[in-house]
Amino acid sequence: MAAAAPSATALAGAALPLPLSARPQPARFSAVALPRTAPPPPALRLRSVRRLAAAEGPPAGMKETLDKVVSAHKVVLFMKGTKDFPQCGFSHTVVQILRSLDVPFETLDVLANEALRQGLKDYSSWPTFPQLYIDGEFFGGCDITLEAYKSGELQETLEKAMCS
């Protein structure tokens with residue numbers, strides 16, 4: 001059954017869209033000539049934002065905050081992600097090592113806070129993550145932790161830390 005065509009009287013009361021030429025036009029802004037500035041010197045052009053941020057140093061109070069966090073726990077792992085959901089293979093490896101040794105440890109996700117990530121690099125003088133701290137001291141990253149685990153040094157260090 002075909003749909004009935006609307007009657008002319010039904011359409012008479014309906015509002016029809018205005019043709020484009022009759023629609024109000026948005027205000028147009030004329031181009032404003034801005035004064036040209038001299039380009040920065042080559043030395044500044046080559047610096048990246050990261051290098052400039054690093055040159056400024058960690059935010060005020062970052063060292064004190066990290067000192068408190070590192071000293072509050074026997075084992076702290078600054079990593080990408082969490083111990084339940086690591087966001088990088090290196091962080092996952094260190095988590096698995098610590099879990100295999102049945103050591104209680106705290107983790108902090110450096111991906112959640114850019115200031116923490118940059119401040120920690122300055123704090124430890126270590127550019128990569130994860131970063132493992134045992135008994136308030138920087139122990140190392142993934143490669144160092146893995147080698148120390150294989151040699152037994154990690155187990156000894158953790159035993160001493162847990163007994164102190």
Side-chain angles (χ1 to χ4, degrees), residues 25-164:
Q25 298 297 314
R28 298 194 186 261
F29 296 97
S30 61
V32 177
L34 297 175
R36 290 193 177 263
T37 58
L44 289 179
R45 263 186 274 155
L46 297 177
R47 287 187 180 174
S48 68
V49 173
R50 180 173 287 170
R51 286 181 63 199
L52 286 173
E56 294 171 4
M62 179 63 75
K63 182 184 182 321
E64 293 78 19
T65 301
L66 291 171
D67 282 338
K68 287 179 186 175
V69 170
V70 167
S71 62
H73 307 284
K74 294 287 184 181
V75 181
V76 181
L77 180 64
F78 293 93
M79 60 179 286
K80 294 180 180 178
T82 64
K83 64 173 114 178
D84 295 322
F85 193 62
Q87 296 291 308
C88 101
F90 300 113
S91 294
H92 181 265
T93 299
V94 176
V95 167
Q96 292 305 312
I97 289 171
L98 293 173
R99 282 186 170 162
S100 75
L101 296 173
D102 199 29
V103 175
F105 64 101
E106 296 298 319
T107 62
L108 278 93
D109 183 1
V110 298
L111 295 177
N113 186 327
E114 177 66 26
L116 171 65
R117 185 166 52 247
Q118 290 303 324
L120 197 55
K121 289 178 182 181
D122 294 335
Y123 181 78
S124 64
S125 300
W126 194 261
T128 60
F129 294 97
Q131 293 184 12
L132 180 63
Y133 288 77
I134 300 173
D135 211 15
E137 297 292 322
F138 177 63
F139 186 81
C142 181
D143 293 342
I144 292 171
T145 303
L146 185 57
E147 289 302 315
Y149 173 71
K150 289 177 182 177
S151 72
E153 178 190 351
L154 178 61
Q155 293 85 325
E156 290 175 22
T157 304
L158 288 169
E159 284 177 21
K160 287 178 189 173
M162 293 302 149
C163 292
S164 65

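These numbers come from the heavy atoms of this one structure, side chains and all, not from hydrogens, waters or symmetry mates.
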First locate atom [atom1] of [X], then atom [atom2] of [Y], and finally report the distance between them rounded to the nearest 0.5 Å.
{"X": "T145", "Y": "L77", "atom1": "OG1", "atom2": "CG", "value": "8.0 Å"}
{"X": "L132", "Y": "E137", "atom1": "CG", "atom2": "CD", "value": "12.0 Å"}
{"X": "Q87", "Y": "S91", "atom1": "CD", "atom2": "OG", "value": "9.0 Å"}
{"X": "I97", "Y": "H92", "atom1": "CD1", "atom2": "NE2", "value": "11.0 Å"}
{"X": "F105", "Y": "I134", "atom1": "CZ", "atom2": "CD1", "value": "11.5 Å"}

Set of side-chain hydrogen bond (donor to acceptor under 3.5 Å, both in side chains) partners for D102, sequence neighbours left out: none
For the residue pair [X] and [Y], establish whether any side-chain heavy-atom pair is separated by less than 4.5 Å.
{"X": "L120", "Y": "Q131", "value": "yes"}
{"X": "F138", "Y": "V70", "value": "no"}
{"X": "M79", "Y": "P86", "value": "yes"}
{"X": "F129", "Y": "R117", "value": "yes"}
{"X": "T82", "Y": "V95", "value": "no"}

Test side-chain contact (heavy atoms from CB on, under 4.5 Å) applied to R99 and K83, step by step: CA-CA 9 Å; R99 282 186 170 162; K83 64 173 114 178; 3.7 Å; yes
side-chain contact (heavy atoms from CB on, under 4.5 Å) evaluation trace for W126 with I144: CA-CA 12 Å; W126 194 261; I144 292 171; 3.4 Å; yes
Considering all heavy atoms, the nearest [X]-[Y] contact:
{"X": "K68", "Y": "S71", "answer": "O-OG, 3.3 Å"}
{"X": "V75", "Y": "P104", "answer": "CB-O, 3.8 Å"}
{"X": "G81", "Y": "L111", "answer": "N-CD1, 4.1 Å"}
{"X": "S164", "Y": "D135", "answer": "OG-OD2, 3.3 Å"}

Heavy-atom donor-acceptor pair, E106 side chain to H73 backbone, under 3.5 Å: no
Side chain K63, main chain D122, donor-acceptor under 3.5 Å: no
Exceeds 12 heavy-atom contacts within 6.0 angstrom, atom CD of Q96: yes
Anything under 3.5 Å between a donor and an acceptor, one on a side chain of residues 152-161, the other on a protein residue two or more places apart or in another chain? List them.
{"residue": "Q155", "atom": "NE2", "partner": "Y149", "partner atom": "O", "Å": "3.2"}
{"residue": "T157", "atom": "OG1", "partner": "E153", "partner atom": "O", "Å": "2.9"}

Aromatic ring pairing F78/Y133, orientation class (parallel under 30°, perpendicular over 60°, tilted between): perpendicular
